[in-house]
Amino acid sequence: MIKLSTLELDRPLILAPMDGYTNIPLRLIIKESGADLMFTEFVNSDAVIYENKKTLDKIRILAEERPVAIQLFGKKPANMAEAAKIIEQAGPELIDINFGCPAPTVSGHGSGSAILKDLPLLSRICESVVQAVKIPVSAKTRLGWDDSNINIFQTAKIFEESGISMMTLHPRTKAQKFNGISDWEYIKRLKTELNIPLIGNGDIVDPEDVLRMFEYTECDGVMIGREAVKNPWIFRQAKDLLRTGRYEKEIPFEERKRLCLKHFDLSVQYLGDRKGVLEMRKLYQNYFRNISGIKNLKKRIFECENPGDVRKILTDFDPCGDELPEIEQA
Ligand SMILES: Cc1cc2nc3c(=O)[nH]c(=O)nc-3n(C[C@H](O)[C@H](O)[C@H](O)COP(=O)(O)O)c2cc1C
């Protein structure tokens, strides 16, 4: 059982932070699927302090999606502390610090995984954030900078010593980015040494992987990233598998359509007409994977920017029909 202040999580399944994806609409969809904790997209500490409008939108959370962790990145301990105080006002259960992002826009500026090259700085950042807020602080990281600089065991020790309450390991190096495999052996080894809860992450592609990750590594919780976007039902499926040994493998078409429409409505509601319509374009492929007519559906939808038109095309989508009906002109 993970205990973080008033939060108690029993073998939680967690939605990973994903820039450009884990916004309010996706989080509400994943909440319905049964996730126990969800992470926001990361936010830049300096942008939080300067009250950047887009950044402040990203730290907004709703009562119905709790518990939520807001993830923060940056390289200056004082700014990270100041930003953490502002974030605490948004009311998350947890603040998470990003020490893993390999993207040049982040690590190229000395934040995210770049801090794995400077463990004294990592320590100062953790201590500053932990001291700045009353809520628990967690950290998410990778194995190290590259194969010659794997320092995860030292990093984890620093997390413990600086008051970090829980950590997530995505066991790849920064240099690997998303190449190669996520080496769960490190999660297993770290679990035997660590005194704070450890969340395992990396390459979960089906519910069986969730079971395998728990059994093989003995981690305290499992975090799912890319597969949650491809298959939002994975949390429910994995929970069923853990509880009963069985789960619904094929999600029926009507359920796919229902959830896609709900996601669409939430996107328009929370992101606005234009952004809501455009953001959804990344997701139809996932909702209707292997469904005949998806190409035609996407073509029709991508020609529309009006939410009403898109909604009608989605509602009328019928893979058994030969042709999609024309949109009626008003
Ligand atoms: C599009 C995308 C955006 C991501 N953004 C973040 C982020 O904001 N913060 C973070 O810690 N990790 C981020 N990650 C990494 C994921 O949280 C996760 O660690 C990684 O995808 C491995 O898990 P998976 O194999 O289940 O996807 C991102 C990954 C992807 C694919």
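Start at 1 and go down the list; that is how both ligands and their atoms are numbered.
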In terms of atom number and element, which parts of ligand 1 are under 4.0 angstrom from non-hydrogen atoms of Tyr21? 1 (C)
Using a 4.0 Å cutoff against the non-hydrogen atoms of Ala16, which atoms of ligand 1 qualify? 17 (O)
Checking a contact table here: which protein heavy atom is nearest atom 26 (O) of ligand 1, and how many Å away? Gly225 N, 2.8 Å
With atoms numbered from 1 as shown, which atoms in ligand 1 lie under 4.0 angstrom from a non-hydrogen atom of Arg226? 21 (O), 24 (P), 25 (O), 26 (O), 27 (O), 31 (C)
Under 3.5 Å: N/O of Asp203 near N/O of ligand 1: yes
Cationic N near anionic O, under 4.0 Å, Lys191 to Asp220: yes
Nearest heavy-atom approach of Ile187 to Thr217 is CG2-CB, 3.6 Å
So, Glu65 and Lys31, do they make that salt bridge, N to O below 4.0 Å? no
Atom 18 (C) of ligand 1: closest protein heavy atom, distance to 0.1 Å, is Asn201 OD1, 3.4 Å
Does the Lys NZ or Arg CZ of Arg311 fall within the cation-pi geometry relative to Phe264 - under 6.0 Å from the ring centre and within 45° of the axis? no
Suppose we measure from atom 30 (C) of ligand 1 to each protein heavy atom; which comes out shortest, and what is that distance? Met18 CG, 3.9 Å
Under 4.0 Å between a side-chain nitrogen and a carboxylate oxygen: does that hold for Asp240 and Arg243? yes
Using a 4.0 Å heavy-atom threshold (strictly under), name the region of Asn98 that reaches ligand 1: side chain, backbone, both or neither. side chain
Please list the nearest protein heavy atom to atom 9 (N) of ligand 1 with its residue and the distance rounded to 0.1 Å. Gln71 OE1, 2.7 Å
Classify the ring geometry of Tyr287 against His263: parallel below 30°, tilted from 30° to 60°, perpendicular beyond 60°. perpendicular
Under 6.0 Å between ring centres, would you say that holds for Phe159 and Phe99? yes
Heavy-atom pair of closest approach, residues Met166 and Leu94: CE-CD2, 3.9 Å
For Phe178 and ligand 1, answer yes if some heavy atom of the residue is under 4.0 Å from a ligand atom, otherwise no. yes
As a check for students: among Leu15, Ile97, Thr141, Asp19, identify the option with a heavy atom nearest to atom 3 (C) of ligand 1. Asp19
Using a 4.0 Å heavy-atom cut-off, which part of His170 comes near ligand 1: side chain, backbone, both, or neither? side chain
Note: Glu88-Lys85 ion pair, threshold 4.0 Å (strictly below): no
Using heavy atoms and a 4.0 Å limit, tell me yes or no: is Glu227 in contact with ligand 1? no
Does Ile204 reach ligand 1 with a nitrogen or oxygen that is under 3.5 Å from one of the ligand's nitrogen or oxygen atoms? no
Check Lys140 against ligand 1 and report side chain, backbone, both or neither, counting heavy atoms closer than 4.0 Å. side chain
Tell me whether Asp118 is salt-bridged to Lys75, with the criterion being a basic N under 4.0 Å from an acidic carboxylate O. no
Can you figure out which of Phe39, Phe42, Phe99, Phe73 has its heavy atom closest to atom 8 (O) of ligand 1? Phe42
To atom 17 (O) of ligand 1, the nearest of Pro17, Gly202, Cys101 on a heavy-atom basis is Pro17
Ring centers of Phe253, Phe317 separated by less than 6.0 Å: yes
